[in-house]
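Each remark here refers to the structure printed beneath this line.
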Amino acid sequence: MEKKAKQKIKALIEQINDHNYAYYVLDDPKLTDMEYDHLFRQLEDIEAKYPNLISPTSPSQRVGHPVSSGFQSYNHDVPMLSLSNAINSSEINEFHKRVLKWLNHADTDFVAEPKIDGLGVSLIYRNGLLERALTRGDGFQGEDITHNVKTMPSVPLKLRDLENSPPPFIEVRGEIFMSISDFKKLNVNRKKANEKIFANARNAAAGSVRQLDPSITASRNLSIFCYEVGGSDKINFKNQIEMLSYLKSVGLPVNPLSKKVTNGNDMVLYHQTLEENRSHINYEIDGSVIKVNDYNLRGRLGLRARSPRWAIAAKFKAKQAESQLLGIDLQVGRTGVITPVAKIKEVDLSGVMISSATLHNQDEIDRKDIRINDFILIERSGDVIPKIFKVLKEKRPINAKKFFISDFRCSDTSCKIERIKDQAAYRCVNVNCKSKVLGMLEHFCSKNAMNIEGMGPQIVKQLLEENLLKNFDDIYRLKYDDLVALERFKDKSAMNLINAINHSKKTTFPRFLFGLGIPNVGQHISKVIDKYCNSSLIKLSELKIEDMEEIDGIGSTVAIAIENYFKNDKNNEIVNNCLKLGVQITPTHFDESDMTMLNQKIVITGSFQSLSRSDLKLRLEKNGATVTSNISNKTTALIVGEKPGSKLTKAQNLNVKIVYEKELHDFLDEN
Ligand code: IVH
């Protein structure tokens, strides 16, 4: 009986995998959805009867359990670089000429591919089995998203049977994306369910991949195209075309629009044709990628700091649409800076409904001569918020009205708007400005700061209007009775919010410091200071400008802002009150096993071939090192790139260890 079941399971898995291959890789499905569902149900039924026969690579095992510990980070064996850009035809031609020159005019052909606007991913297969999937991250280290990638039926859990056995190791790179039609459907459903809609398909794909619960990812219909191999064992490819056809043969989807091109004209033609056909493609692309085909020649060309010399990303022009400016809203941020926001007649900009656009400041309004009621051309490139490209002056209506931020009158009569000295921006100078306080409190409660679930902008506003909140410490004075008496609060929601507030009290130093909203003290700076202060708020409040300027990455603006903040008694009182009311900072534990450079104080000088200074700094900091800007007798090593400055001599005089670029990777690995 069991033998029969085993055979049946094997046959069903083969049929399901064949279907996935025909559907996702060959784009030539042989079964209807109903037939497929039927096979799947048959498989689930037999597996339910014989749980001991369930194989980890069975299609029924794609959706596993939620991960509870968040996303774990792993180093990429080979860094995931990015691409340098070409923004027009002549830059594409220049790339072609440059490559030929570097290669002494060797016979070279290229492969042109669509540049998918999704999320870069690395898939690691060991002996043909999907072992791990990582995000690109910072290029050196990515997050483990295996549990979610496994839910994608287009990603084989096991590489397809080959004539030869699978390679012991292969790391495949590609782009995860959501099709435009799936993105639209998802947003319609989210709107119905009163959930926040995604701004574009890329964000929807990113949000779907970064889920702790794989069943959510499974419901999102993500797709993938693979386009490179990062590293492999016992399998070598001669060129890109051979590699792409191998990926396809083992069941990995590759883009059908890739094409061999041989000269600059071909490249430009491919790029332009792709751009013209962009609106007929059911996934977002933001350009074309042109790559040298031959892998030996790629090796000769080598790498720049962050990108290979053998490829270029040719970008499309920004998408544009016509609309009308209905009005300008002024938003007062938590620092009082006023940002004008254009409210426009809703318009469809390649599938995304747009009703507002950024307007940086009064200077932009003046320079572009933007008037209310004007007909305008808006544009949006990639992920950025749309902006007004230009005013269609020939269509200017007679009721077009000029706009001046300084004319704005706030409903709070104590508010006063002033232009910031030497800047184009305006700021509200009223310390008690309601919008400012609202912004500050919203920021304090937000996800990356104290992360008080349920304390969103609407609730903060309500509590402010009810005079229950004035400053951060008041949050910890809120009581169930205060909340339940308010409109829109019920027993359960009041209880939930109190629980969330209590829950947030156990926090970390970077979250608390970031939450205080000190100008220019963002998440990264907060983490740097955490390490410097050993998570001590007392040490933080006593920091002097000179101390802080010692730390690399902390300039005088940040140092002055922090010192000023704690010079103010009121601020000290609020911080102390938070602590008295139960806020508890858990000292950051720098895991010794990851933080192998914890006691190192490193200085960098010069520039590097294999990585940028900022990436190097990030990597050192991730290992626990403190990167400082000046050599002193506390410095443990100086990393030296090309064209080093005077730091090299100083380090030699002080007998500081010197690490040159050729030793850099060993140094990083050893530590
Ligand atoms: S090749 C060494 N090919 O674009 C470069 N990248 O800015 C390896 N991308 O991080 C990348 N479509 O996430 C390559 N056909 C394609 C691509 C592609 C999209 C993304 C990728 C990469 C970014 C480069």
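First listed ligand is number 1; within each ligand, the first listed atom is number 1.
For the pair Asp530 and Lys527, the salt-bridge criterion is not met [side-chain N within less than 4.0 Å of a carboxylate O]. A salt bridge links Lys319 with Glu284: at least one charged nitrogen is closer than 4.0 Å to a carboxylate oxygen. Ion pairing of Glu642 with Lys662 is absent here, as no side-chain N (NZ or NE/NH1/NH2) approaches a carboxylate O to less than 4.0 Å.
For ligand 1, the atoms closer than 4.0 angstrom to any heavy atom of Arg136 are 10 (O). Interface of Gly120 with ligand 1, defined as ligand atoms under 4.0 Å from a residue heavy atom, comprises 13 (O).
The cationic group of Arg300 does not satisfy the cation-pi geometry with Trp102, failing either the under 6.0 Å distance to the six-membered ring centre or the 45° limit from the ring axis. A cation-pi arrangement, defined by a distance under 6.0 Å to the six-membered ring centre and an angle within 45 degrees of its axis, is absent between Arg173 and Tyr227. Cation-pi geometry between Arg202 and Phe177 is not met at under 6.0 angstrom from the ring centre and within 45 degrees of the axis.
At least one heavy atom of Pro308 sits less than 4.0 Å from an atom of ligand 1. Not a single heavy atom of Gly118 sits less than 4.0 Å from an atom of ligand 1.
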Quick one: do Tyr246 and Phe237 satisfy ring pair (Phe, Tyr, Trp, His ring centres under 6.0 Å)? Show the steps, please. CA-CA 9 Å; Tyr246 171 82; Phe237 303 106; 5.2 Å; yes

So Lys531 and Thr626, side-chain hydrogen bond (donor to acceptor under 3.5 Å, both in side chains) or not? Walk me through it. CA-CA 8 Å; Lys531 222 166 112 243; Thr626 308; 3.0 Å; yes

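Under 4.0 Å from ligand 1, not a single heavy atom of Met80 appears. Looking at Lys115 against ligand 1, both its backbone and its side chain come within 4.0 Å, counting heavy atoms. The part of Pro114 lying near ligand 1 is the backbone, judged by heavy-atom distances below 4.0 Å.
Between Lys291 and ligand 1, a contact under 3.5 Å exists for at least one N or O pair. For ligand 1, the polar-atom distance check against Tyr227 finds a nitrogen or oxygen pair separated by under 3.5 Å. Residue Glu113 has at least one N or O atom closer than 3.5 Å to an N or O atom of ligand 1.
Of all protein heavy atoms, the one closest to atom 12 (N) of ligand 1 is Ile116 N, 3.1 Å. Here the protein heavy atom with the shortest distance to atom 20 (C) of ligand 1 is Glu175 OE1, 3.4 Å.
Counting only residues at least two apart or in different chains, ring-ring contact (aromatic ring centres under 6.0 Å, His included) contacts with residues 296-315 are absent.
Taking only non-hydrogen atoms, the option from Ile285, Val289, Leu83 nearest to atom 24 (C) of ligand 1 is Leu83.
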